[in-house]
Amino acid sequence: MKKQVKTALIWSFVGAMLFLMYVPILILIIYSFTDAPALGVWGGSTMSLYGRLFTDPEIMGALGNSLLLAFVAATLATVLGTAAAVGIYYMKRRRKAVVGFISNITMENAEIVTGVAFMMFFLAVRVGYGWPALIIAHTMITVPYVILSVTPKLSQINPNLYEAGLDLGASPVKSMLAVVVPQLVPGMVSGFIMAFTLSLDDFIVSKFINGGVETIPIYLYNALAKRGADPTLRALSSVLFIAVLTVLIALNVVSARKRKKLAKA
């Protein structure tokens, strides 16, 4: 009986948390199908907000900038993060702890501090704000997440495979690329998607160093400051949420199928 009560309390808590997290998003999506100026007022079902969204050159420009920045930063972060994860994994215990702590600073640090630090750094080294600064900053703040995604995969690999590749005549680099890296692909894909999502979502760091490059978070902030809650923003937020949710579901489905195949094998 006590176990049943405990289970009921746990599921009640989880249900309440999910309700508070996702019901506001669900309301936003529902009201993206009406052009009423404010939430709570239903002006009839219509797709006009989506029509305005995809024909607005300013929004499409900001969306294009965000997608390009997120793709480039996530690609660089995946390469650097995978290399860093392999290097950290094969370090001695004390060095591994120190380097792991350092690599996690950008995740644990206040984002506004990170933004100010990047702003002052690029000013000191005379790197202009804009695309170069954004790509470097977004890559650096997402690398730790790739490391966290790849490291568990390293612990699942047979440690003798790398040495076996060396014994068969492969160079260290070739053995790493041909034997180890292919087994890290699931972790790399997870890290890429996480880095892509985080870059797409970043506002504070981008605001300090954007140099006039307008991304979706910056566009939303400027639009709310200038025009208030534009109904078109409801459609934009809904599209972004559904797109990210679709990618995450697809990733989990593919990962589950691979796990089943490996279990059967």
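Model, not experiment: these values are computed from the prediction.
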Do [X] and [Y] come within less than 4.5 Å of each other through their side chains, counting heavy atoms only?
X: Val239; Y: Leu63; answer: no
X: Leu233; Y: Tyr219; answer: yes
X: Asn222; Y: Lys207; answer: yes
X: Thr82; Y: Leu184; answer: yes
X: Leu200; Y: Leu67; answer: yes
X: Leu198; Y: Asp202; answer: no
X: Ile59; Y: Arg52; answer: no
X: Thr139; Y: Val72; answer: no

Spell out, yes or no, whether [X] and [Y] are grouped together once hydrophobic residues are joined by side-chain heavy atoms under 4.5 Å, including indirect joins.
X: Leu123; Y: Phe121; value: yes
X: Val116; Y: Val125; value: yes
X: Leu69; Y: Val143; value: yes
X: Ile88; Y: Ile105; value: no
X: Met194; Y: Met140; value: no

Query raised in the report: Step by step, would you call Leu240 with Val244 a side chain to side chain contact (heavy atoms under 4.5 Å, CB included)?
Result: CA-CA 6 Å; Leu240 291 175; Val244 172; 5.5 Å; no
Do you know which two heavy atoms are closest between [X] and [Y], and how far apart they sit?
X: Leu49; Y: Thr34; answer: CD1-O, 3.1 Å
X: Thr215; Y: Ser66; answer: CB-OG, 3.2 Å
X: Leu148; Y: Met107; answer: CD1-CE, 3.5 Å
X: Gln183; Y: Pro186; answer: O-CD, 3.8 Å
X: Gly128; Y: Ala133; answer: O-CB, 3.8 Å
X: Tyr129; Y: Met119; answer: OH-O, 2.8 Å

**Report entry** Partner set under side-chain hydrogen bond (donor to acceptor under 3.5 Å, both in side chains) for Asp201, not counting sequence neighbours
**Finding:**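 If we apply the side-chain hydrogen bond (donor to acceptor under 3.5 Å, both in side chains) test to Asp201, skipping adjacent residues, there are no hits.
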To the nearest 0.5 Å, what is the distance between [atom1] ([X]) and [atom2] ([Y])?
X: Lys6; Y: Trp11; atom1: NZ; atom2: CH2; value: 14.5 Å
X: Leu220; Y: Ser237; atom1: CG; atom2: OG; value: 5.5 Å
X: Phe13; Y: Leu18; atom1: CZ; atom2: CG; value: 10.0 Å
X: Ser45; Y: Asp35; atom1: OG; atom2: CG; value: 10.0 Å
X: Leu134; Y: Ile209; atom1: CG; atom2: CD1; value: 5.0 Å
X: Phe208; Y: Glu111; atom1: CZ; atom2: CD; value: 9.5 Å

Please determine whether the number of non-hydrogen atoms from other residues, nucleotides or ligands lying under 6.0 Å from atom [atom1] of [X] exceeds 12.
X: Tyr221; atom1: OH; result: no
X: Met60; atom1: CE; result: yes
X: Phe54; atom1: CZ; result: yes
X: Tyr90; atom1: OH; result: yes
X: Ile242; atom1: CD1; result: yes

Query - Qualifying residues under side-chain contact (heavy atoms from CB on, under 4.5 Å), relative to Phe19, sequence neighbours excluded - result: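 Residues passing side-chain contact (heavy atoms from CB on, under 4.5 Å) with Phe19: Val23.
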Query raised in the report: Excluding sequence neighbours, so at least two apart, what forms side-chain contact (heavy atoms from CB on, under 4.5 Å) with Met47?
Result: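 Result, side-chain contact (heavy atoms from CB on, under 4.5 Å) vs Met47: Phe33, Tyr50.
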**Report entry** N/O donor-acceptor pair under 3.5 Å between Thr55 side chain and Gly51 backbone
**Finding:**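 Yes.
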Report task. Give a yes or no on whether the backbone of Tyr31 and the side-chain of Arg234 come within a donor-acceptor separation of less than 3.5 Å. Result ->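 Side chain of Arg234 to backbone of Tyr31, a donor-acceptor pair under 3.5 Å: yes, one is there.
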Query raised in the report: Aromatic rings Phe71 and Phe192: how do their planes relate, parallel, tilted or perpendicular, breaks at 30° and 60°?
Result: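 Perpendicular, since the angle between the ring planes exceeds 60°.
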Query - Exercise: do Ser206 and Asn210 side chains pair donor with acceptor under 3.5 Å - result: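 No, no side-chain donor-acceptor contact under 3.5 Å.
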Query raised in the report: Any luck finding a side-chain donor-acceptor pair between Glu214 and Asn65 under 3.5 Å?
Result: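 No, Asn65 and Glu214 have no side-chain donor paired with an acceptor closer than 3.5 Å.
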Requested in this report: Apply side chain to side chain contact (heavy atoms under 4.5 Å, CB included) to Met188 and Val146, showing your working.
Outcome: CA-CA 7 Å; Met188 294 170 65; Val146 178; 6.0 Å; no
Query raised in the report: So, is the end of the Lys96 side chain (NZ or CZ) under 6.0 Å from the ring centre of Tyr89 and within 45° of the ring's axis?
Result: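 So Lys96 does make the cation-pi contact.
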Requested in this report: Go through the steps to decide whether Phe122 and Ile136 satisfy the test side chain to side chain contact (heavy atoms under 4.5 Å, CB included), and finish with yes or no.
Outcome: CA-CA 10 Å; Phe122 291 124; Ile136 293 171; 3.9 Å; yes
Query raised in the report: When you look at Phe196 and Thr142, which way does the side chain to side chain contact (heavy atoms under 4.5 Å, CB included) test go after all the steps?
Result: CA-CA 8 Å; Phe196 185 91; Thr142 54; over 6 Å; no
